[in-house]
Amino acid sequence: MKKYFLILLFSVQMAWAGNVNSIINEFKDAANAEYVSIPWILMKIGHMFMDDEDGKDIAARINGVRVLDLADCSSKVKAKFSKRISSLAGDGYETLVRAKDEDGSVQILVKGKKDIIKELLIICGGDEDCALIQLRGNIRQEDIDELVKEETEKRNGRK
């Protein structure tokens, strides 16, 4: 019986280790950490002031945004954050983009169903930048494709 209890306890801890909410809660009060949460009601109010050209379609599908910035925290806090964040890959997230250079790394992880993205995480890690951005909502893949197309055209001088 004791053996089964230990297995259950270990399983619960592993599930907790990868939870984005627990990671944000753990680090948002660290010394020099910056944390911003924009709840769905403020997102809806913000949508009222957007033009159609501002990407209103995709913005209307975002229900909440949370940003955790640890850039001014100690290297010890950043290392602990990096270790905790590495457990997210096994928590139902799919890696959309991963980039690494000498200054650090950026990962974009998504969690969703079919062509709907329910959660998008942008994770920046390194000695200088260390941040987590979480977008929650019901974002369609076609909305992202259209946004990328529009921004590419703008940068290439077509709009």
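No experiment lies behind these values; they were computed from the predicted model shown. Along the sequence shown, residues are numbered consecutively beginning with 1.
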SG of Cys124 to CD of Gln107, rounded to nearest 0.5 Å, is 10.0 Å
Side chain of Asp129, backbone of Gly125: donor and acceptor closer than 3.5 Å? no
For residues 113-121, please give each side-chain donor-acceptor pair under 3.5 Å, one per line with the distance, not counting sequence neighbours.
unit_1, atom_1, unit_2, atom_2, d
Lys118, NZ, Asn138, OD1, 2.5
Glu119, OE1, Tyr93, OH, 3.1
Glu119, OE2, Tyr93, OH, 2.8
Glu119, OE2, Gln134, NE2, 2.6

Decide yes or no for Ile139 and Ile62: does some side-chain heavy atom of the first lie under 4.5 Å from some side-chain heavy atom of the second? yes
Side-chain heavy atoms of Ser22 within contact of Arg84, under 4.5 Å: yes
Ile24 side, atom CD1; Asp29 side, atom CG - distance, nearest 0.5 Å: 12.0 Å
If you look only at pairs with a residue in residues 65-83, which of them pass as a salt bridge (Lys or Arg N to Asp or Glu O under 4.0 Å), with sequence neighbours excluded? Glu26-Lys80
Using a 4.5 Å cut-off on heavy atoms from C-beta on, say whether the side chain of Tyr35 contacts that of Val67. no
Pairwise distance CG(Leu70) to OG(Ser75) - rounded to 0.5 angstrom: 12.5 Å
Nearest 0.5 Å please: distance from the CG atom of Leu109 over to the CZ atom of Arg98. 7.5 Å
Where is the tightest heavy-atom contact between Cys73 and Ala30, given as atom of each residue plus distance? SG-CB, 4.5 Å
Spacing of Asn63 atom CG and Ile38 atom CD1 [to the nearest 0.5 Å]: 12.5 Å
Listed by chain and number, what are the salt bridge (Lys or Arg N to Asp or Glu O under 4.0 Å) partners of Glu142, not counting sequence neighbours? Arg140
So Val20 and Leu132, do their side chains get closer than 4.5 Å, heavy atoms only? yes
Would you say the side chain of Phe81 lies within less than 4.5 Å of the side chain of Leu68, judging by non-hydrogen atoms? yes
